[in-house]
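Taking it in order: structure first as structure tokens, then the write-up.
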Amino acid sequence: MARKHEQANRQEKKRVFRWFVSPMEERAWLEEMSIQGWFLTDMRMGVRYEFEKREPKRTVYEVERFDLEKNPTRKEIQEKSDFMDMAVETGWRQICRDESMNYYLAKDWEADGSNELYDSPEDRVRRVERYGRMFSGKVHIILWVCVLMQGLAFLFWLLPEEGEVGWFSAFDMIYTMACLVFCLTLLCWKERYSRELKLSLEEWRVIYGKKDTVTKFRPVFTVGGLERYLERRSASGYHLKNMRVFRFVFTQGEPEEISYMLDTKYLTNRRRKRAGGSVFKDSRDWEGRNNDWQVQSLKEAEAAGWEFAGAVECRNILYRAKRGSAAPINDTGGIRVTSAIGGQAVMILMAGLLGGIVGGLIGYFFL
């Protein structure tokens, strides 16, 4: 009898291995699990969730991080205790924490009450700053490791030829590249956390919820090709929600005949030349972030009946309108290349080219 009871208890618990990049996606998933009757009881290593089966009930979750600075002040030491007291007073309870000092809190969902631990923009901004310091600290450590590795590589380079260790150069290059890729990944996570943690869960669902969207990755290099691709998608019932370089997010709906038009600084200046006006030119705008031409583009496009659909890299503006309802302000189609590469990418490419030339000259004359 005791063995059967023990077996029944085992069936009421389960472990799920899952890894989240988005903190809001994690919260939404935990809430969905509670609706199904599975409630979080423990968390390990950021990936192993332990659940217990109980009566289904909608429960909202929140995640907070409590890691102290290297030289904490008295206020920072006391902050966690004060925060937990405040959370308990507002109905939240601590469920568990993981090895990275991430604390999981929960409360029953209230139809007419607040379901957010941070219910003001100011509090959310302070939390974003706290998480931002975490990511920045990790990036700084990795960059200093890269500097140390380059220093060791330089010392090996100074060794006499008979003492040269050839394998270390290859190891140093691969290790440093891996560290830099990880740094870029951390910075991307930092940006995502900064963007999402400023929102409530319901706001996040409206903006970033993926249940009603489809993401497509497609390299489109010409203006005409981009316009035709989006028109075909609209005719199939997929309408553009937002876009990045070669990434398109669509919402599904009724098929419609939609026309798209891409406008750029070059095209805006060409129209102004034809009208006898001055062109937009800023010699100090190396990165292409001066938006004077975009303001002019919006005025002309909206006057012609076009609706703003999105902008990419400060270099392209995409407009849409029902077929035949707007007058084109540029030549339709064509093989003009889309401005997919931003000014920063060009600067990085030029810096790499210059570094290659300098490195080649050093190698030719000194090695």
Side-chain angles (χ1 to χ4, degrees), residues 1-67 79-124 126-128 130-131 192-193 195-213 251:
M1 188 69 178
R3 184 177 299 176
K4 289 184 179 180
H5 182 70
E6 183 180 354
Q7 185 176 4
N9 286 339
R10 288 177 182 174
Q11 293 174 351
E12 295 299 316
K13 298 180 180 180
K14 72 174 180 178
R15 294 173 180 173
V16 179
F17 290 86
R18 191 162 178 176
W19 182 57
F20 290 94
V21 175
S22 166
M24 307 301 280
E25 186 177 349
E26 181 185 28
R27 289 179 56 194
W29 177 68
L30 291 173
E31 181 177 329
E32 181 62 31
M33 292 293 288
S34 72
I35 295 174
Q36 299 174 13
W38 291 103
F39 296 86
L40 182 69
T41 58
D42 199 6
M43 173 68 169
R44 296 293 178 90
M45 303 301 294
V47 295
R48 194 186 79 176
Y49 297 82
E50 296 186 7
F51 293 93
E52 184 178 77
K53 183 70 172 179
R54 296 199 294 266
E55 188 70 23
K57 179 173 59 175
R58 186 175 181 181
T59 302
V60 290
Y61 288 85
E62 186 59 272
V63 185
E64 184 52 279
R65 182 178 179 82
F66 297 107
D67 55 336
E79 186 177 23
K80 183 178 76 171
S81 177
D82 295 341
F83 177 88
M84 285 299 185
D85 291 342
M86 180 274 296
V88 171
E89 290 176 1
T90 54
W92 294 85
R93 58 188 182 276
Q94 178 183 333
I95 302 299
C96 59
R97 73 172 180 87
D98 65 5
E99 291 77 4
S100 296
M101 299 302 292
N102 292 307
Y103 283 71
Y104 287 76
L105 304 145
K107 66 174 291 189
D108 297 339
W109 186 82
E110 299 177 7
D112 300 324
S114 174
N115 297 301
E116 295 287 338
L117 182 58
Y118 293 92
D119 53 5
S120 71
E122 295 78 14
D123 290 338
R124 291 172 188 157
R126 282 194 290 270
R127 178 169 61 167
V128 167
R130 194 158 56 250
Y131 273 90
R192 182 164 188 170
Y193 271 60
R195 187 173 61 246
E196 295 188 3
L197 291 178
K198 292 178 182 178
L199 306 171
S200 68
L201 185 57
E202 294 305 318
E203 290 171 339
W204 176 84
R205 285 192 173 108
V206 171
I207 300 174
Y208 298 105
K210 298 183 179 179
K211 292 184 178 180
D212 61 342
T213 61
T251 57

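Here, residue 1 is the first one in the sequence, and each next residue gets the next number.
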inquiry  = Does any part of the side chain of V63, heavy atoms only, come nearer than 4.5 Å to the side chain of P23, both counted from C-beta?
reply    = no

remark   = Value for CG (D123) from CG (L197), rounded to nearest 0.5 Å, stands at 13.0 Å

inquiry  = Show every salt bridge (charged side-chain N to carboxylate O under 4.0 Å, His left out) that has at least one partner inside residues 34-48, sequence neighbours left out.
reply    = D42-R44, R48-E50

task = Identify, with sequence neighbours excluded, every residue that meets side chain to side chain contact (heavy atoms under 4.5 Å, CB included) alongside R54.
result = F39, E52

request  = Tell me, with the steps shown, if T41 and K13 meet side chain to side chain contact (heavy atoms under 4.5 Å, CB included).
outcome  = CA-CA 9 Å; T41 58; K13 298 180 180 180; over 6 Å; no

task = To the nearest 0.5 angstrom, please state how far the CD atom of E62 sits from the CD atom of Q94.
result = 13.5 Å

Considering all heavy atoms, the nearest P56-I35 contact = CB-O, 3.3 Å

inquiry  = So, using salt bridge (Lys or Arg N to Asp or Glu O under 4.0 Å) as the criterion, who are the partners of E116 when residues are at least two apart?
reply    = R27

request  = Could I get the full list of side-chain hydrogen bond (donor to acceptor under 3.5 Å, both in side chains) partners for K198, not counting sequence neighbours?
outcome  = none

inquiry  = Tell me every residue that passes ring pair (Phe, Tyr, Trp, His ring centres under 6.0 Å) with W109, counting only those two or more places apart in sequence or in another chain.
reply    = none

request  = State which residues pass ring pair (Phe, Tyr, Trp, His ring centres under 6.0 Å) with Y61; sequence neighbours excluded, sorted by chain then number.
outcome  = none

request  = Just say parallel, tilted or perpendicular for the rings of W29 and F51, cut-offs at 30° and 60°.
outcome  = perpendicular

query = With sequence neighbours excluded, what pairs up with Q36 under the side chain to side chain contact (heavy atoms under 4.5 Å, CB included) test?
reply = E32, M33, W38

ask   = Tell me the salt bridge (charged side-chain N to carboxylate O under 4.0 Å, His left out) pairs involving residues 81-106, sequence neighbours left out?
value = R93-D108

query = Can you list the residues that meet the side-chain hydrogen bond (donor to acceptor under 3.5 Å, both in side chains) rule with E110, with sequence neighbours excluded?
reply = K107

request  = Would you name the heavy atoms of E31 and L201 that are closest together and state the gap between them?
outcome  = OE1-CD2, 3.4 Å

Any residue meeting side-chain hydrogen bond (donor to acceptor under 3.5 Å, both in side chains) with Y104, in chain and number order, not counting sequence neighbours = E26

task = For S34, check side-chain hydrogen bond (donor to acceptor under 3.5 Å, both in side chains) against everything at least two apart and list the hits.
result = none

query = Where do W204 and E25 land on the side chain to side chain contact (heavy atoms under 4.5 Å, CB included) test, with the steps shown first?
reply = CA-CA 9 Å; W204 176 84; E25 186 177 349; 4.0 Å; yes

inquiry  = When you compare the side chain of N102 with that of M43, does any pair of heavy atoms fall below 4.5 Å?
reply    = no

Side chain to side chain contact (heavy atoms under 4.5 Å, CB included) partners of R195, counting only residues at least two apart = E191, R192, Y208

Which atom of Y49 lies closest to which atom of L30, heavy atoms considered = CD2-CD2, 4.2 Å

inquiry  = To check you understand the geometry: which heavy-atom pair defines the closest contact between E203 and L199, and what is its length?
reply    = OE1-CA, 3.4 Å

message = Quick check: do F83 and Y103 have side-chain heavy atoms less than 4.5 Å from each other?
response = no

message = Quick one, L117 with L105, criterion side chain to side chain contact (heavy atoms under 4.5 Å, CB included). Give me CA distance, side-chain angles, the key distance, then yes/no.
response = CA-CA 9 Å; L117 182 58; L105 304 145; 3.8 Å; yes

